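Presented below is the structure to which this report refers.
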Protein chains: 2
Amino acid sequence: MTRNPTQALPAAPRRSARHADGAGQTTGREIRPGVVAFKRSRILEEASALFYEKGYETATLDMLADRLSATKPFLYTYFKGKAAILSAICEMGVTESLAALDRIEASSAEIGAAPVDLLRTSLREVAGIIIDRIEYLVVYQREMMNLERGDAQRILRLRHEFDLRIGRMIEACMRDGSITVADAPTMSVWIGGLLSWMTYCYRPGSARSGEAVVEQAVKACLRLVGLD
Amino acid sequence: MTRNPTQALPAAPRRSARHADGAGQTTGREIRPGVVAFKRSRILEEASALFYEKGYETATLDMLADRLSATKPFLYTYFKGKAAILSAICEMGVTESLAALDRIEASSAEIGAAPVDLLRTSLREVAGIIIDRIEYLVVYQREMMNLERGDAQRILRLRHEFDLRIGRMIEACMRDGSITVADAPTMSVWIGGLLSWMTYCYRPGSARSGEAVVEQAVKACLRLVGLD
DNA sequence: GCCGCGTTTTACCCGCTAGTATATTTTTGG
DNA sequence: CCAAAAATATACTAGCGGGTAAAACGCGGC
């Protein structure tokens, strides 16, 4: 209804730049792409909050536009439609988690950390991402079925890749004898379950209880693989 | 569109009678209430399947009526509205699980079973119910927010009661020294998480893999409390 | 065979929302 | 300071789905 869609701060990317955009005044060359990326992420930010509290179907594009102090056609210049916005939201959690694993595995290989420490660090980091992006993840879990077929499959593949990599970490731990599990791939799925359950334990607004949930979840995961 | 809403078999109540209705030809007295209950449970059965595959908002009452070979106003004679149908579906999983705990605790007290066996049996039984009622539970997890405030709270209270009772079982096990956990109530919540995650591991139609998922889930739960 | 009552259907309304064609404002660069 | 073009808003449509009033059906009893 009113004006000025860009009244607030950036979409607070947790760490890495997901969009491969040099946002802001990098070299002076091309400021536009960064602005576009900023607007897109602001839309996603507000959309995830809206979908989180109202549900995807109940939430309307007009509501979303109002929250951004913009209008509906504005949204259509940055996303193909409602489904595209949902798709982008749903993809964030996994993408960020995979990026975190990349980062951790790289630095872990450098310093030659023990497999158990790699696993522990990974779990803690991913648990942290889940708390930070809780709204995105809840929306994904709930609204999965509203995704278009192709989007749903793409995201599912990413999730499988995540499970696979956790499974490999578990196997590495088994090889050096620090833990014992019946079947690493299976166990990685149950670990995924515990991590997902964090979305039930933690509600945004509960302030610092987030870190407590992270601790509990990591501990539970480790216990599942026979550590602790 | 067509006729004959009652073409199939009863709603296959898994074990106990949840509605306290003497369905069928009990004494010859009053057949009507049983018929009404039957129709209600047929509606719920079909509705849960529909909501499961389409989602609550996407699914329409016309679709549901068609599946039952009936019409929309027919539904309104048995339920106040769409939300009432959802509410009834969402309540089933917890209610049945609590009933199972009642049954198990009663018979367990009779034969004086060990606390660990009580816990083990309870987990296995509830896991079985989850597989049997998977569609009801998935719908509940997904569509919770579409419940009216009162319904949502009532069901949540039932879930808390469930967690509480699992927590008490864990404490009993701790008292006799068979397991050790940091905090029983907290642990019961994570057990709830593992059990809920079964809905992700098992898709209806996967035939006998259901029992395998039950075994895995129970094993994971036991490992969580330090049993192997 | 026909009456009356409970059940089920036909036919309808109302409100709402994704998406769009067109107008208007803002920015760019000359 | 002014045109061209990019960004954003206004105003509209089309279709759908929840809910309902009133007609039609069917099944006991007489």
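Note that this is a predicted model, so its numbers are computed, not measured. A note on names: the letters A, B, ... follow the listed sequences, proteins ahead of strands, and every chain is numbered from 1.
Closest to the side chain of B/Tyr78, out of C/dA18, C/dT8, D/dA9, is C/dT8.
The base of D/dG17 is not paired with the side chain of B/Lys72 by any donor and acceptor separated by under 3.5 Å.
The nearest whole Å value for the distance from the CE atom in B/Met63 to the C1' atom in D/dG19 is 18 Å. Distance, A/Lys54 NZ to C/dT17 P: 11 Å, rounded to whole Å. Atom CG in A/Leu75 sits roughly 15 Å away from atom P in C/dT17 (whole-Å rounding). In this structure, the CZ atom of A/Arg40 is 14 Å from the P atom of D/dT8, given to the nearest Å. When the P atom of D/dG17 is taken as reference, atom OH of B/Tyr56 falls 14 Å away, rounded to whole Å. Here C/dT7 presents its P atom at 19 Å from OH of B/Tyr76, a figure rounded to the nearest Å. Here C/dA18 presents its P atom at 10 Å from CG of A/Leu50, a figure rounded to the nearest Å. The CG atom of A/Asp62 sits 14 Å away from the C1' atom of C/dG15 (whole-angstrom rounding).
Ion pairing between B/Arg168 and B/Asp163 fails under the 4.0 Å rule for side-chain N and carboxylate O. Using a 4.0 Å cut-off between charged side-chain N and carboxylate O, A/Glu161 and A/Arg157 make no salt bridge. One finds no salt bridge joining B/Lys39 and B/Glu45 here, because no Lys/Arg side-chain nitrogen approaches an Asp/Glu carboxylate oxygen to under 4.0 Å. In this structure, A/Glu143 does not pair ionically with B/Arg142, as no charged nitrogen and carboxylate oxygen lie closer than 4.0 Å.
Residue contacts for B/Thr60: at a heavy-atom cut-off of 4.0 Å it reaches the sugar-phosphate backbone alone, with no base atom in range.
Checking each of B/Val218, B/Thr199, B/Ile131 against B/Val213 for a side chain to side chain contact (heavy atoms under 4.5 Å, CB included) leaves exactly one that passes, namely B/Ile131.
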Shorter than 3.5 Å, N or O on both sides, protein versus nucleotides 21-25 of chain D: list them out with atom names.
none

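Scanning residues 79-91 of chain A for heavy-atom distances under 4.0 Å to DNA chain C yields A/Gly81, A/Lys82.
Within 6.0 Å of atom CD in B/Glu53, more than 12 heavy atoms from other residues, nucleotides or ligands are found, so the atom counts as buried in its surroundings.
In this structure, A/Arg159 is not positioned above the aromatic face of A/Phe162 in the sense of NZ or CZ being under 6.0 Å from the six-membered ring centre and within 45° of the axis.
Under the rule for a ring pair (Phe, Tyr, Trp, His ring centres under 6.0 Å), A/Tyr52 has no partner lying at least two apart in sequence or in another chain.
The CE atom of B/Met198 sits 9.5 Å away from the CG atom of B/Leu137 when rounded to the nearest 0.5 Å.
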